[in-house]
Amino acid sequence: MSTSHSLAAEQFLKNQKYAAWHDATFWSVRTKRDNMAMGLDEWEQLREKASQIKRHTITHLDEYLDQFATNAEKNGCIVHWAKDAREFNEIVYGILSEHGVKKLVKSKSMLTEECEMNPYLEKHGIEVVETDLGERIIQLKGQKPSHIVMPAIHLNHDDVGELFEKKLNTEPGNHDPTYLTYMARLSLRNEFLTADAGMTGANFGVAETGDIVVCTNEGNADMSTSCPKLHIAAIGLEKVIPNYDCLAVFQRMLCRAGTGQPTTTYTSHFRKARPTAQQMHIVLVDNGRSEWIADPEHWEVLKCIRCGSCMNTCPVYRRSGGYSYSYFIPGPIGINLGMLRNKQLHSGNVSACTLCLSCQTVCPVKVNLGDQVYQWRQHLDEYGTANKEKKLMCKAMSFLYGSTGIYNTALKFAPIANYVPSFILECGLNPWAKGHKMMTFPKKSFHDMFKSGMIK
């Protein structure tokens with residue numbers, strides 16, 4: 001049974017002040033992205049190049065995965081293959097158990113969120129500490145990320161201050177962001193020093209060298225791998241790219257598109273275990289990806305580099321928040337990924353799109369996100385998740401637009417609706433009137449004005 005995005009968004013919009021702040025915050029990030037893009041004359045050429053690289057790599061993925069794994073093993077890494085989330089979690093737990101790990105520190109990884117690794121490990125007695133500041137905040141709060149790049153952006157400094165008072169024993173009433181960041185740093189420093197293993201995600205895996213590349217602004221990935229003696233890297237199959245020349249293209253675009261910065265503060269390359277460390281493990285995860293490649297209409301989602309720019313620009317996401325979506329990744333990319341994961345469960349999200357196509361206009365790798373949402377909508381009846389009211393409305397509109405006589409008659413008499421009292425038209429039974437007033441019909445239609453020569 002699908003969950004309605006519109007009903008969840010209605011709850012979000014009850015706090016109009018917060019909704020306006022959320023909208024403005026993400027639009028400011030979109031503006032920064034535009035400034036960065038306009039500052040590069042070759043931006044559109046980079047987008048096209050990035051799209052071509054991804055298209056080529058995904059359609060030759062077996063070759064590049066084999067090359068990546070071979071080179072990683074030559075570097076001394078231990079490579080594992082996980083067909084699904086269950087196998088991924090079992091592999092990670094097996095590695096940790098073998099090394100007697102009791103505490104794992106990890107940098108941000110949407111793949112581990114996808115596989116629900118944290119609760120799995122915790123259930124087996126392993127403490128998991130998120131070290132990205134945003135991820136740490138929502139972990140302490142017991143929430144999921146509301147954005148893939150800025151996971152705690154839905155919380156303000158007062159929310160964080162009150163949370164830290166309870167969890168980190170910070171000074172009561174001191175909600176200064178600099179102070180809160182300092183206290184989080186002190187807390188995390190101890191976690192780094194006492195952890196038995198560290199885990200990173202991967203922004204890219206370079207097939208030619210067997211490198212794992214992680215882009216961060218806080219250096220937490222470096223701390224997670226430099227202090228503990230064991231490093232595990234989790235990477236989705238689609239994150240592998242051919243070589244450093246390709247990496248250069250993506251590295252120039254990722255941060256500009258996602259946060260409006262010229263680059264991330266740290267771009268870290270992990271090729272082998274440190275001389276003082278024990279081992280470095282790489283887990284390559286499928287979890288449905290090999291099936292998605294075979295989908296002719298939706299395979300392009302695998303081009304995504306998780307920059308989050310589609311969320312920053314999306315008018316629906318900005319005005320409804322990340323928790324209005326049923327899939328753990330929200331926004332345009334989340335709608336499509338959720339449908340690939342479970343059509344019945346997540347089809348309630350496909351209505352969360354105006355088809356403005358702003359998402360695919362800003363996407364640095366030209367994923368056709370809006371086009372794919374449109375395609376999903378055409379098949380809702382097949383999945384048994386089509387909205388009955390909308391189906392009835394479509395039939396009525398087909399009847400109206402299918403007859404010139406009926407359409408012209410409706411146009412002629414439409415202004416009568418202007419005389420109907422507003423409390424009748426704008427009642428709760430009329431979903432079109434939610435959040436705004438109903439339109440006023442003009443006395444003359446466009447057709448009449450055009451025929452009479454008023455419009456040329």
Summary of ring pair (Phe, Tyr, Trp, His ring centres under 6.0 Å) pairs that have at least one residue in residues 105-142, sequence neighbours excluded | Tyr93-His124, Tyr120-His124
Asn217 and Thr265: side-chain donor and acceptor closer than 3.5 Å?
-> yes
Please determine if Arg271 and Asp211 form a salt bridge, counting it only when a charged side-chain N lies under 4.0 Å from a carboxylate O.
-> yes
Looking only at heavy atoms, what is the nearest atom pair of Pro364 and Ile305, with distance?
-> CG-CD1, 3.9 Å
Answer yes or no: does atom CD of Glu116 have more than 12 heavy-atom neighbours from other residues, nucleotides or ligands under 6.0 Å?
-> no
Heavy atoms from other residues, nucleotides or ligands near CZ of Arg185 exceed 12 (cutoff 6.0 Å) = no
Could you go step by step and tell me if Val92 and Met117 meet the side-chain contact (heavy atoms from CB on, under 4.5 Å) rule?
-> CA-CA 9 Å; Val92 173; Met117 186 198 76; 4.0 Å; yes
Lys366 meets the salt bridge (Lys or Arg N to Asp or Glu O under 4.0 Å) criterion, sequence neighbours left out, with Glu48
NZ/Lys229: more than 12 non-hydrogen atoms of other groups inside 6.0 Å = no
Under a 4.0 Å N-O cut-off, is there an ion pair linking Lys49 with Glu42?
-> no
Evaluate the side-chain proximity of Ile235 to Leu284: yes if any heavy-atom separation is below 4.5 Å, no if none is.
-> yes
Quick one: which residue pairs count as a ring pair (Phe, Tyr, Trp, His ring centres under 6.0 Å) with a foot in residues 274-297, not counting sequence neighbours?
-> His80-His281
Tell me, do Arg30 and Asp34 make a side-chain contact under 4.5 Å, heavy atoms counted?
-> yes
Mind checking whether His298 and Trp376 have parallel, tilted or perpendicular rings, split at 30° and 60°?
-> parallel
Start with the C-alpha distance between Arg256 and Leu46, add both sets of side-chain angles, then the distance that settles side-chain contact (heavy atoms from CB on, under 4.5 Å), and finish with yes or no.
-> CA-CA 12 Å; Arg256 284 180 167 91; Leu46 285 170; over 6 Å; no
Return the minimal non-hydrogen interatomic distance between Gly236 and Leu111, and the atom names on each side.
-> N-CD2, 3.6 Å
Scan Ser326, Ser6, Ser324 and name whichever one has a side-chain hydrogen bond (donor to acceptor under 3.5 Å, both in side chains) with Asn349.
-> Ser326
Exercise: identify the closest heavy-atom pair between Val316 and Ser320 | O-OG, 2.6 Å
Using the test side-chain hydrogen bond (donor to acceptor under 3.5 Å, both in side chains), find all partners of Thr354 that sit at least two apart in sequence or belong to another chain.
-> none
Check salt bridge (Lys or Arg N to Asp or Glu O under 4.0 Å) between Arg55 and all other residues, then give those that pass, not counting sequence neighbours.
-> Glu300
Going by the ring pair (Phe, Tyr, Trp, His ring centres under 6.0 Å) test, which pairs reach into residues 13-56, not counting sequence neighbours?
-> Phe12-Tyr18, Phe12-His22, Tyr18-Trp21, His22-Phe26, His22-Tyr317, Phe26-His147, Phe26-Tyr317, His56-His60, His56-Tyr64
Short N-O contact, Arg289 and Glu114, less than 4.0 angstrom = yes
Any side-chain heavy atom of Pro151 sitting closer than 4.5 Å to one from Lys108?
-> yes
Check: Leu121 and Asn89 side chains under 4.5 Å, non-hydrogen atoms | no
Above 12 or not: heavy atoms from other molecules or residues under 6.0 Å from NZ of Lys141?
-> yes
More than 12 foreign heavy atoms under 6.0 Å from CD of Glu44: is that the case here?
-> yes
Please step through side-chain hydrogen bond (donor to acceptor under 3.5 Å, both in side chains) for the pair Asn220 and Glu135, ending with a clear verdict.
-> CA-CA 11 Å; Asn220 56 304; Glu135 288 281 351; over 6 Å; no
Ring pair (Phe, Tyr, Trp, His ring centres under 6.0 Å): pairs with one or both residues in residues 167-225, sequence neighbours excluded = Phe204-Phe250
Could you pull out all residues at least two apart from Ser28 that satisfy side-chain contact (heavy atoms from CB on, under 4.5 Å)?
-> none
If you look at every heavy atom in Leu357 and Gly370, which pair is closest and at what distance?
-> CD2-CA, 3.5 Å
In chain order, what residues pass the side-chain hydrogen bond (donor to acceptor under 3.5 Å, both in side chains) check against Ser226, with sequence neighbours excluded?
-> none
Kindly indicate whether the side chain of Val213, heavy atoms from C-beta on, has any atom under 4.5 Å from the side chain of Thr267.
-> yes
Find the distance between OG1 (Thr200) and CZ (Phe270) and round it off to the nearest 0.5 Å.
-> 5.5 Å
After noting the C-alpha distance and the side-chain angles of Phe328 and Arg341, does the key distance pass the side-chain contact (heavy atoms from CB on, under 4.5 Å) rule?
-> CA-CA 11 Å; Phe328 81 100; Arg341 182 66 62 199; over 6 Å; no
Find out whether Leu188 and Val105 are in side-chain contact, i.e. whether some heavy atom of one side chain is under 4.5 Å from a heavy atom of the other.
-> no
Sub-4.5 Å side-chain heavy-atom contact between Ile148 and Glu113 | no
Going by heavy atoms in the side chains, are Cys353 and Tyr374 under 4.5 Å from each other?
-> no
Determine, step by step, whether Thr385 and Gln344 satisfy the side-chain hydrogen bond (donor to acceptor under 3.5 Å, both in side chains) criterion, reporting the C-alpha distance in whole Å, the side-chain angles of both residues, the deciding distance to 0.1 Å, and the verdict.
-> CA-CA 7 Å; Thr385 57; Gln344 279 67 39; over 6 Å; no
Quick one: list whatever passes salt bridge (Lys or Arg N to Asp or Glu O under 4.0 Å) with Glu98, sequence neighbours left out.
-> none
Residue pair Lys343 / Met339: nearest heavy atoms and the distance that separates them = CG-O, 3.2 Å
Residue list, side-chain hydrogen bond (donor to acceptor under 3.5 Å, both in side chains) with Arg318, at least two apart or on another chain | Asp23
Nearest heavy-atom contact between Cys359 and Leu369 is SG-CB, 3.6 Å
Side chains of Thr259 and Lys32, donor plus acceptor under 3.5 Å | no
Could you walk me through whether Ile137 and Phe164 pass the side-chain contact (heavy atoms from CB on, under 4.5 Å) test, one step at a time?
-> CA-CA 8 Å; Ile137 290 168; Phe164 280 12; 4.0 Å; yes
Are Thr313 and Ser358 close enough that a side-chain donor and a side-chain acceptor fall under 3.5 Å?
-> yes
List for me each residue that meets side-chain hydrogen bond (donor to acceptor under 3.5 Å, both in side chains) alongside Asn118, sequence neighbours excluded, and say none if there are none.
-> Glu130
